[in-house]
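As structure tokens, the structure follows; a few thoughts come after it.
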Amino acid sequence: MAPTLALVGATGAVGTVMIDILNGRSTWPWGEVRLVASPRSAGKKITVRGQELTVQALAPEVFDGVDVAMFDVPDAVSAEWAPIAAARGAVAVDNSGAFRMDDDVPLVVPEVNRDKIAVRPRGIIANPNCTTLSMMAALGALHHEYGLRELVVASYQAASGAGQDGIDRLYAEAAAVAGKQVGERAGDVREALAAAGLSGDSPFPAPLAFNVVPWAGSLKEDGWASEELKVRNESRKILGIPDLKVSATCVRVPVVTTHSLAVHATFERPVTVAEAHKLFEAEPSVVLVDDPAAGRFPTPADVVGGDPTYVGRVRQALDFPNTLDFFVCGDNLRKGAALNTYEIAEALVS
């Protein structure tokens, strides 16, 4: 009998991308799909692979008979309901941050540590943060060959990383300053936003339109942002390097969707650009775009909507032995959230 899949959060931003992924898969291992969301979304009709499905309200009984339950919901919802799904016999694959650093919950990127899927004492598997995930396929391929030792990362994170509120805010700010001369003095953007009634209630601590904001997440000890600590802690866990030296600076940029990262990676053994190119070209989920002489390298505008991670600007680091610098782009809603979650689910039943 074919397994049953449940999607919790089917009507949210990531859930909507997940529906697109379900509709576009070339293989289909599922006998039944159940769409689940909050009571206010219950009854909505969504088509999955030609079949109109009715969204069910989140309740314990929706998990009866479910083999895999994917959660694309806020942390608090996952924290409450993923254990309920597991108790009802499903394997919960969670895209929130509720379980990522729990010792008894594997944090999985199938290209890097697929073997961890089988070790799930609580019946829960965690999906990494989209920022960490955007670089992990490329970084994992290098680590397996050359042994990663140190990692310095600067992220350039899209507004959609802050959810639908982030997307809406960026569009509203862009509309408010469109056609105006801004940037000639420090207050121009802020004045334009104030005139449009956008001086407060933003998911960002500073204007995002015509600006970059060196902050993502919440304040943690010693001035670190939560997103920066996620990059450090999750990279260590996924790669299996508990003492990996990591430093990250996370920056929000006026891009709707697709995160970018500048990666400075030091390895135990020497690695050349040519060798790195071969590894990237051999990795099915990585696309190498690296011809700076022709102006070819990844940008969010070229990557958004795609499944792979795109890598370019691969360079031997000046003054740093055994070190490569490269640039990575990945759609944070697709590969950075929905696709990796689904690939874990698919691996569970394959």
One should read off an interatomic distance between L35 CG and I46 CD1, to the nearest 0.5 angstrom, of 5.5 Å
Under 3.5 Å donor-acceptor, T132 side chain and P128 backbone:
no
Any salt bridge (charged side-chain N to carboxylate O under 4.0 Å, His left out) pairs touching residues 276-296, not counting sequence neighbours?
none
Pairs touching residues 315-327 that satisfy salt bridge (charged side-chain N to carboxylate O under 4.0 Å, His left out), sequence neighbours left out
none
For the residue pair M70 and L5, establish whether any side-chain heavy-atom pair is separated by less than 4.5 Å.
yes
I'd like to know if the side chain of D302 reaches the main chain of P298, judged simply by a donor and an acceptor atom lying under 3.5 Å from each other, with no hydrogens or angles considered.
no
Looking only at non-hydrogen atoms, find the nearest pair between C250 and V231 and report the distance.
SG-CG2, 4.5 Å
In one Ile/Leu/Val/Met/Phe/Trp/Tyr side-chain cluster, 4.5 Å: V33, M18:
yes
For residues I125 and D94, determine if any side-chain heavy atom of one lies less than 4.5 Å from a side-chain heavy atom of the other.
no
Is it true that a side-chain atom of R100 and a backbone atom of N95 form a donor plus acceptor pair closer than 3.5 Å?
yes
Ignoring hydrogens and angles, tell me if any N or O in the side chain of R25 forms a donor-acceptor pair with the backbone of I21 under 3.5 Å.
no
Can a donor-acceptor pair be found, under 3.5 Å and without considering hydrogens, that links the side chain of N340 to the backbone of V108?
yes
Measuring only between side-chain heavy atoms, which start at C-beta, is K220 closer than 4.5 Å to E228?
no
How far does CG of N129 sit from NZ of K230, to the nearest 0.5 angstrom?
5.0 Å
For R269, look at atom CZ and say whether over 12 heavy atoms of other residues, nucleotides or ligands are found less than 6.0 Å away.
yes
Contact check, side chains of H277 and V314, non-hydrogen atoms, under 4.5 Å
yes
Regarding E173 and R169, does a basic nitrogen lie under 4.0 Å from an acidic carboxylate oxygen?
yes
Show the numbers, then the answer: is there a side chain to side chain contact (heavy atoms under 4.5 Å, CB included) between V189 and N211?
CA-CA 9 Å; V189 171; N211 202 19; 5.8 Å; no
Within the 3.5 Å criterion, strictly below it, is a donor on N322 or T266 matched to an acceptor on the partner's side chain?
no
Tell me whether S235 contacts the main-chain N or O of N233 through its side chain, where contact means a donor paired with an acceptor under 3.5 Å.
no
Ignoring hydrogens and angles, tell me if any N or O in the side chain of N23 forms a donor-acceptor pair with the backbone of I19 under 3.5 Å.
yes
Check whether any side-chain heavy atom of V93 sits under 4.5 Å from a side-chain heavy atom of L348, and report yes or no.
yes
Does anything in residues 329-344 pair up under salt bridge (charged side-chain N to carboxylate O under 4.0 Å, His left out), and if so which pairs, sequence neighbours excluded?
E111-K335, D307-R334, K335-E343
Stepwise side chain to side chain contact (heavy atoms under 4.5 Å, CB included) check, V349 with V68
CA-CA 8 Å; V349 299; V68 182; 4.0 Å; yes
Minimum heavy-atom separation for F99 and K237, please, with both atom names.
O-NZ, 4.5 Å
Nearest-0.5 Å distance that lies between atom NE2 in H143 and atom CG in L151:
11.5 Å
For S226 and S218, indicate whether the former's side chain and the latter's backbone hold a donor-acceptor pair under 3.5 Å.
yes
In terms of hydrophobic clustering (I, L, V, M, F, W, Y; side-chain heavy atoms under 4.5 Å; direct or indirect links), are M135 and L279 co-clustered?
yes
Might you work through the side chain to side chain contact (heavy atoms under 4.5 Å, CB included) test for W28 and L22, ending with a clear yes or no?
CA-CA 8 Å; W28 188 248; L22 295 178; 4.0 Å; yes
Could you list all the salt bridge (charged side-chain N to carboxylate O under 4.0 Å, His left out) pairs where at least one residue sits in residues 63-78, not counting sequence neighbours?
D64-R88
For a quick test of reading the model, state the closest non-hydrogen atom pair linking A85 to A69 and the distance between them.
CB-CB, 4.3 Å
If you apply the rule side chain to side chain contact (heavy atoms under 4.5 Å, CB included), what do you find for E234 with M101, and how did you get there?
CA-CA 7 Å; E234 293 178 16; M101 299 314 299; 4.1 Å; yes
Suppose we screen for ring-ring contact (aromatic ring centres under 6.0 Å, His included). Which residues come up paired with F63, at least two apart in sequence or across chains?
F71
Mind checking what makes ring-ring contact (aromatic ring centres under 6.0 Å, His included) contact with F320, not counting sequence neighbours?
H264
Under 4.5 Å between side-chain heavy atoms, hopping through other hydrophobics if needed: is there a path connecting V55 to V66?
no
Validation row: L148, L139 side chains within 4.5 angstrom (heavy atoms)
yes
Mind checking ring-ring contact (aromatic ring centres under 6.0 Å, His included) for Y310 and listing every partner two or more places apart, or none if nothing turns up?
none
Would you compute the distance between atom OG of S202 and atom CG of L208 and round it to the nearest 0.5 angstrom?
8.0 Å
Give me each pair satisfying side-chain hydrogen bond (donor to acceptor under 3.5 Å, both in side chains) with a member in residues 251-263, each pair once, sequence neighbours excluded.
S160-T257
Heavy-atom closest pair (P284 atom, A282 atom, distance to 0.1 Å) is CD-O, 3.3 Å
Flag side-chain contact, heavy atom, 4.5 Å: E275 against E145
no
Partners meeting side chain to side chain donor-acceptor pair (under 3.5 Å) with T4 (sequence neighbours left out):
none
Nearest heavy-atom approach of V73 to S96 is O-CB, 3.5 Å
E32: what forms a side chain to side chain donor-acceptor pair (under 3.5 Å) with it, not counting sequence neighbours?
R34
V48 with Y342, same ILVMFWY side-chain cluster at under 4.5 Å:
yes
Can you hop from L333 to V303 via hydrophobic side chains spaced under 4.5 Å?
no
A37 backbone acceptor or donor facing S41 side chain under 3.5 Å
no
Rounded distance [0.5 Å steps], CZ in F267 versus CZ in R149:
10.5 Å
Which heavy atom of A209 sits nearest to which heavy atom of P254, and what is that distance?
CA-CB, 4.4 Å
Side chain to side chain, T309 and F280, heavy atoms closer than 4.5 Å:
no
Can you confirm whether the side chains of E227 and S155 place a donor and an acceptor under 3.5 Å from each other?
no
Give the table of side-chain donor-acceptor pairs shorter than 3.5 Å for residues 115-123, with sequence neighbours excluded, one pair per line with atom names and distance.
residue, atom, partner, partner atom, Å
R120, NH1, I117, O, 3.0
R122, NH1, D102, OD2, 2.9

Apart from W224 itself, its cluster of hydrophobic side chains linked below 4.5 Å comprises L229
Nearest 0.5 Å please: distance from the OG1 atom of T54 over to the CD atom of Q56.
8.0 Å
